[in-house]
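All remarks here apply to the structure that follows.
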Amino acid sequence: MIKINENYLKLQASYLFTDIARRVLAFQAAHPDKEIIKLGIGDVTHPLPAACIAAFHKAVDEMAEAKTFKGYGPEQGYAFLREKIVEYDYRARGAEISADEIFVSDGAKCDNGNIQEIFAQDIRIAVPDPVYPVYVDTNVMAGRTGSADNGRYKGLVYLEGTRENGFIPQLPASPVDLIYLCYPNNPTGATITRDQLKVWVDYAREHRALILYDAAYESFVRDPALPRSIYEIEGAKEVAVEFRSFSKTAGFTGTRCAFTVVPKTCMAYDGAGNPHALHGLWNRRHGTKFNGVSYPVQKAAEAVYSTAGQQQTRALIDGYMENAVMIRREMEALGFDCVGGENSPYIWVDGRRDSWAFFDLLLNEAGVVCTPGAGFGKCGEGYIRISAFNSRGNVEKAMDRIKSALGK
Ligand code: PLP
C-alpha cells in the first residue's frame, strides 16, 4: 500500500489568494462595468529590460546552430553569470564572495524551500511573523513541526514583527539553530539597518546557528546606509546563506532565474559537533536534484549587468519605487500608519480594523485589490499589504479611488 507523507496533512490550507480571488470574482459579477485595479499579488507588470530581451534572442539563435548549440550546462550555473554576480552584487559592495560560492537556480522560492533538506530533523527553527509562507510550509512538510494550533505550528519559534519593534523582531528568548530573515521584507516592506543585522549575525556566531537571509528585494534598497547583502556584515560569511532573485530586480518572475550564495566558510555540525561546510552539502543536493537554468535565460540574466542593463533595471525599479512613495504618502495623508514603501515595493498599512474588513472596503468601495495582512500570520492581523507593482496610471487611479471611498 502506498502511503503518504502525513506531514502534508498538517498543512493549513492557504485560503489567502483563493479567498481574494473569490471575493474579486463576486465583486466583478455584481459590478461588470467596474474596472478593478490589482495591487495585491507581488508580481511585476513591466516587460523585461531591452538589454535582457536582446541577449535572450541572441542566445536562442545560438541554440539553432550546431556550432553554438548548448546541451546541459553546469548545474551551478555558467561562469559568465556567476562571475558577473560576484563582481557587481558583492565585490562592488565590499563583500568577498567567489564565483563558485554562487549557485544559479530557477527561483529563490525553490531554493528557500529546498535548503531545509540539508539540516537535521530536530533543529530549532525561528520564523518571522508576518512571514513569507514558504519558510514555514516547507518545514511542516519535512516533519519539523507539530500540528497547527490557532494559526501557529507547534515546535516553531515565531519572531514577532510589531509596530512597536518596527517589524524587526527581537532575538528569540530560547536558543534556536536556524533563523529565517527577509529584508527588505515581504510582506511588511520593513528594512533592516547594518547595526540591527549585526545583532543577528553575532547571535548566530555565538550559538553556532545559521541565518537564511532572503534578499529577493535587495534592488529596491536605495539608501546607502542600508545593507543590500548580509555579507556586508562582519562575520556573516560564517553563519549566513543568502537568496537573491532576478524576479523583482529585472522582471524575471515569468522567465525564472535566481541564485543562492553558500560561502565555503559557512559551517553546520553533525551529531558529534564536528563542523561540515554547507557548501559541499548544497552542491551535492543541487547537482543531484537540479539540472541548471537554461542557457538563454542565464544569458538574459547576464545582460542585467551590462551598462544598458544596469540603466534599464534601475529605471524599472525607480518606476515601481515612485509608485511605492506615492502609495505611502497618500495612505499617510488619509491618516494611516504605514511601514515600507521606502527601499521596498510593499506598503504595510495599519488599517486599525480587521484585515479582511479593510480588504472588503477597498474592493467594494474603490475597486482596488490589496492583500489582507492576516494571511501572513497572526501579527499581520489589522494590516493590509499594498504592492507598488503596477503602472503609474493605475496606481494614481487606485489612490484617487481610495481617497473618495474613504471620504476625503
Ligand atoms: N522570496 C520572497 C520574500 C518573495 O517575496 C518571493 C516572491 O514573491 C520570492 C522569494 C520568490 O522569488 P522567485 O521568483 O525567485 O522564486
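By convention here, the first residue in the shown sequence is residue 1. Just so you know, ligand 1 is whichever comes first in the structure, and atom 1 is the first atom listed for that ligand. Being a predicted model, the structure only gives us computed values, none of them experimental.
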Contact table ligand 1 N or O to protein N or O, d under 3.5 Å:
residue  : atom   : partner : partner atom : Å
ligand 1 : 1 (N)  : Asp214  : OD1          : 3.4
ligand 1 : 1 (N)  : Asp214  : OD2          : 2.7
ligand 1 : 5 (O)  : Asn186  : ND2          : 2.8
ligand 1 : 5 (O)  : Tyr217  : OH           : 2.6
ligand 1 : 8 (O)  : Tyr217  : OH           : 3.3
ligand 1 : 8 (O)  : Lys248  : NZ           : 2.8
ligand 1 : 14 (O) : Ser247  : OG           : 2.6
ligand 1 : 14 (O) : Arg256  : NH1          : 3.0
ligand 1 : 14 (O) : Arg256  : NH2          : 3.4
ligand 1 : 15 (O) : Ala108  : N            : 2.8
ligand 1 : 15 (O) : Ser245  : OG           : 2.6
ligand 1 : 15 (O) : Ser247  : OG           : 3.4
ligand 1 : 16 (O) : Ala108  : N            : 3.2
ligand 1 : 16 (O) : Lys109  : N            : 3.0
ligand 1 : 16 (O) : Arg256  : NH2          : 2.8

Cation over ring face, Arg152 and Tyr158, 6.0 Å, 45°: yes

Pi-cation contact, Phe220 with Lys248 (under 6.0 Å, within 45°): no

Minimum heavy-atom distance Asp111-Ser105, with the two atoms named: OD2-OG, 2.8 Å

Parallel, tilted or perpendicular, as decided by the 30° and 60° cut-offs, for the rings of His286 and Trp282: tilted

Partners passing ring-ring contact (aromatic ring centres under 6.0 Å, His included) against Tyr88 (at least two apart in sequence or in another chain): Tyr305

Donor + acceptor pair across side chains of Tyr217, Tyr346 (<3.5 Å): yes

